[in-house]
Amino acid sequence: MGYFTSKKGKQSAQYPQNVTVLENAIKIPGGVGEIKASIHRPIDGKIKTVTVSKTPSGKYFASVLFEVDGETPKTAKGKIYGIDLGVKHFAVVSDGEKISKYDNPRHLAKHEKNLKRKQQKLSRKKDGSKSRERQRKLVAKVHERVANTRQDFLHKLSHKLSSDSQAVIVENLHVKGMVRNHNLAKAISDCGWGTFINFLAYKLERKGAKLIEIDRWFPSSKLCSNCYHQVSEMPLDIREWICPNCGTKHDRDGNAATNIRAEGIRILRTDGTAVSANGGEVSPKGGRKSVLRHSPVKLEAPTIASA
Ligand SMILES: [Zn+2]
């Protein structure tokens, strides 16, 4: 059986197999018993291991790793989305006809302000004092709330974009951050773009749709999506511009998303995948037989004894 090892930071214990996921609980062997749980996603495969962790604020989480016997996923049909990930808007999405902009949820900013205030208060507390420990727990709690709010948002958006699409195209984050703008490197880790792309990837794979990452530098902001004229510069503060070649008025992010989408379609075509711009078919090239996935499960009642 597992036990919690470290006293500081995140503590965790692994339970290999023999774990049963019930409707509102998880049953763990070795005298631990049933733990009340809210299951966030349906668990539809063979369970490999369950890792139970205790967060610094004293909450318990279980992460269930399970194996899915793959029938090869069916060929997905639907839209093709090009996404420009950004700091001003979290994501600007082009489906070839219209542009949709998705901002970080408003309450996220509120949590973050709260976090800053509580952290400042913590820094003024005396080392080793009881009130410092109390404040540390408060900070940890807000941290978790921020993380949960963000995860929730990322799950909802990735679900929305994978539910009616055959392919989603994004720029590779490494290339985007390193080449385009050095300040973006920090923003990338702050915004949760990486987590978002992971969520998208498994949700798309599950239904036989594709995630295309453009993994070389691509001038998505500098290219006119109408005539492909490329301007030499596009400073970050310019939100709208007019193409000097064809006179089209562009929204910066919408134009970038449209270019990303077009580049993805080009990649799909040269890849030999049948695809039509108004949403034809993308056939997956031999889906994987079995997939390992992590499914976070929130435990509500801390009934595990820490040994
Ligand atoms: Zn143009």
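Both ligands and their constituent atoms are indexed starting at 1 by order of listing.
Only protein atoms were considered; those of element N, O or S under 2.8 Å from the Zn ion (ligand 1) number 4.
Residues E97 and K79 are not paired through a salt bridge, judged by the lack of any N-O separation under 4.0 Å between the basic side chain and the carboxylate. Between R136 and E133 there is a salt bridge, since at least one side-chain N of the basic residue sits less than 4.0 Å from a carboxylate O of the acidic one.
Between F199 and H155, the ring planes are parallel. Angles under 30° get that label, and only those over 60° would be called perpendicular.
Between the side chains of S225 and N255, at least one donor-acceptor pair of N or O atoms lies under 3.5 Å.
In this structure, H229 and C246 have side chains that are not in contact, with every pair of non-hydrogen atoms separated by 4.5 Å or more. Side-chain contact between D84 and N259 is absent, with no heavy atoms from C-beta onward closer than 4.5 Å.
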